[in-house]
Amino acid sequence: MQVAVVTFDGFNELDSFIASALINRCRKDGLEAFITTPTPVVTSMNGVEVTGQRPIDFVTEAEVVLLGSGVKAREVVADDQLTSRLRLDPSRQLIGAQCSGALVLAQLGLLEGMPACTDRKSRPFVEARGVTVLDAPFHAEGNIATAGGCLASQYLATWVITRTLGEEAARDVLDYVAPVGENQETVERARRAVQTGAVALR
């Protein structure tokens, strides 16, 4: 199972790297994440240059697609040529968005009839597209999920691992990366956020 962590120019390192690093703890179980970029090299909001592992068209074949956040999200959604390459299908893919990635989901018409989570700076722009924004770190309906706040990327990764490999696999990953002495607390916080935020399709 392959995960495309879509990473645009101006990306937030926490969003892309936390999600991909946690998911890649499951390589031995057949779940692998790839930094997926629209150009061979993208530069983060803090000037870190990263070479993409997969081109943007990889999103059509990946079983999971996570849309990262960044300071150029509004430029991304205004680029029709770029967004036209994001051919996503929630009937066969798990699709998640981190912070301003919710803007991209809204642009693609994937948030119609459902609320979303995003960060404080992105909230007014997401709401301007007619999407109700929740005061919560994570929300999922069916195969679509959104997370708000940089460190909520761990919840997005937890959701992906739980949905693909099961809750025990997610617990194992979180227990390994948790701050020493806070293992149980870390695991339970993520589990609770994902369980509370996930609802069945209407």
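The first residue of the sequence shown is numbered 1, and numbering continues consecutively from there.
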Under a 4.5 Å cut-off applied to non-hydrogen side-chain atoms, are Leu110 and Leu88 in contact? yes
Between Thr36 and Phe34, is there a donor-acceptor pair closer than 3.5 Å when you use the side chain of the first and the backbone of the second? yes
Atom pairs and distances, donor-acceptor, side-chain atoms in residues 171-182, under 3.5 Å, two or more places apart:
unit_1: Arg171; atom_1: NE; unit_2: Glu167; atom_2: OE2; d: 3.4
unit_1: Arg171; atom_1: NH1; unit_2: Glu188; atom_2: OE2; d: 3.1
unit_1: Arg171; atom_1: NH2; unit_2: Glu188; atom_2: OE2; d: 3.2
unit_1: Asp175; atom_1: OD1; unit_2: Asn183; atom_2: ND2; d: 3.3

Going hydrophobic residue to hydrophobic residue with side-chain gaps under 4.5 angstrom, can you get from Leu66 over to Val42? yes
Phe138 vs Val194 side-chain heavy atoms within contact, under 4.5 Å: yes
With Asp135, which residues qualify under side-chain contact (heavy atoms from CB on, under 4.5 Å), at least two apart? Arg123
Is there a path of hydrophobic side-chain contacts, each under 4.5 Å between heavy atoms, that joins Leu31 and Ile18? yes
Considering all heavy atoms, the nearest Ile23-Ile161 contact: CA-CD1, 4.2 Å
Exercise: do Gln81 and Arg85 side chains pair donor with acceptor under 3.5 Å: no
Are any of the side-chain heavy atoms of Val50 and Phe17 separated by less than 4.5 Å? yes
Atom CD of Glu127: over 12 foreign heavy atoms under 6.0 Å: yes
Quick check on the hydrophobic clustering: are Phe125 and Leu111 connected, directly or via other members, by side-chain heavy-atom contacts under 4.5 Å? yes
A side-chain contact here means heavy atoms from C-beta on lying under 4.5 Å apart; do Gln2 and Phe58 qualify? yes
Rounded to the nearest 0.5 angstrom, the CD1-OG1 distance for Ile56 and Thr39 is 9.0 Å
Working to the nearest 0.5 Å, report the span between CG of Leu82 and CD of Glu75. 11.0 Å
Examine Leu94 and Val59 and state if one hydrophobic cluster contains both, with Ile, Leu, Val, Met, Phe, Trp and Tyr joined whenever side-chain heavy atoms are less than 4.5 Å apart. no
Consider only side-chain heavy atoms of I, L, V, M, F, W and Y, link residues closer than 4.5 Å, and tell whether Leu134 and Val126 are in one cluster. no
Side-chain heavy atoms of Ser20 within contact of Ile35, under 4.5 Å: yes
Shortest non-hydrogen contact between Gln93 and Arg87, atoms and distance: OE1-O, 4.3 Å
Just distance, no hydrogens or angles: give the donor-acceptor pairs under 3.5 Å from side chains in residues 144-157, sequence neighbours left out.
unit_1: Thr146; atom_1: OG1; unit_2: Cys117; atom_2: N; d: 2.8
unit_1: Ser153; atom_1: OG; unit_2: Cys150; atom_2: O; d: 2.8
unit_1: Gln154; atom_1: NE2; unit_2: Leu151; atom_2: O; d: 3.1

To check you understand the geometry: which heavy-atom pair defines the closest contact between Pro124 and Arg120, and what is its length? CD-O, 3.5 Å
Quick check: does any side chain N or O of Thr60 sit under 3.5 Å from a backbone N or O of Asp57, one acting as donor and the other as acceptor? yes
Report all side-chain donor-acceptor pairs from residues 6-13 shorter than 3.5 Å, counting only partners two or more places apart or in another chain.
unit_1: Thr7; atom_1: OG1; unit_2: Val5; atom_2: O; d: 3.0
unit_1: Thr7; atom_1: OG1; unit_2: Ser16; atom_2: OG; d: 3.0
unit_1: Asp9; atom_1: OD1; unit_2: Thr43; atom_2: N; d: 2.8
unit_1: Asp9; atom_1: OD2; unit_2: Lys72; atom_2: NZ; d: 2.9
unit_1: Asn12; atom_1: OD1; unit_2: Leu14; atom_2: N; d: 2.9
unit_1: Glu13; atom_1: OE1; unit_2: Asn46; atom_2: ND2; d: 3.0
unit_1: Glu13; atom_1: OE2; unit_2: Ser44; atom_2: OG; d: 2.7
unit_1: Glu13; atom_1: OE2; unit_2: Asn46; atom_2: ND2; d: 3.2

Any donor-acceptor N/O pair, Thr83 side chain to Asp79 backbone, under 3.5 Å: yes
Exceeds 12 heavy-atom contacts within 6.0 angstrom, atom CZ of Arg92: yes
When you compare the side chains of Asn143 and Arg163, does any donor N or O come within less than 3.5 Å of an acceptor on the partner? yes
Hey, could you give me each pair passing salt bridge (charged side-chain N to carboxylate O under 4.0 Å, His left out) that has a residue in residues 21-32? Not counting sequence neighbours. Arg27-Glu32
Does Met45 sit in a hydrophobic cluster with other residues, and if so which ones, taking ILVMFWY side chains as linked at heavy-atom separations under 4.5 Å, directly or through other members? Val71
What's the spacing between Arg189 CZ and Thr158 OG1 if we round to 0.5 Å? 11.0 Å
Any chance you could lay out the side-chain hydrogen bond (donor to acceptor under 3.5 Å, both in side chains) test for Gln107 and Arg129, step after step, and finish with the verdict? CA-CA 8 Å; Gln107 175 70 16; Arg129 292 174 176 268; 2.8 Å; yes
Taking all heavy atoms of Asp119 and all of Ser100, pick out the closest pair and write down the distance. OD1-N, 3.3 Å
Show the nearest heavy-atom pair for residues Cys99 and Thr118, with the distance to one decimal. O-OG1, 2.8 Å
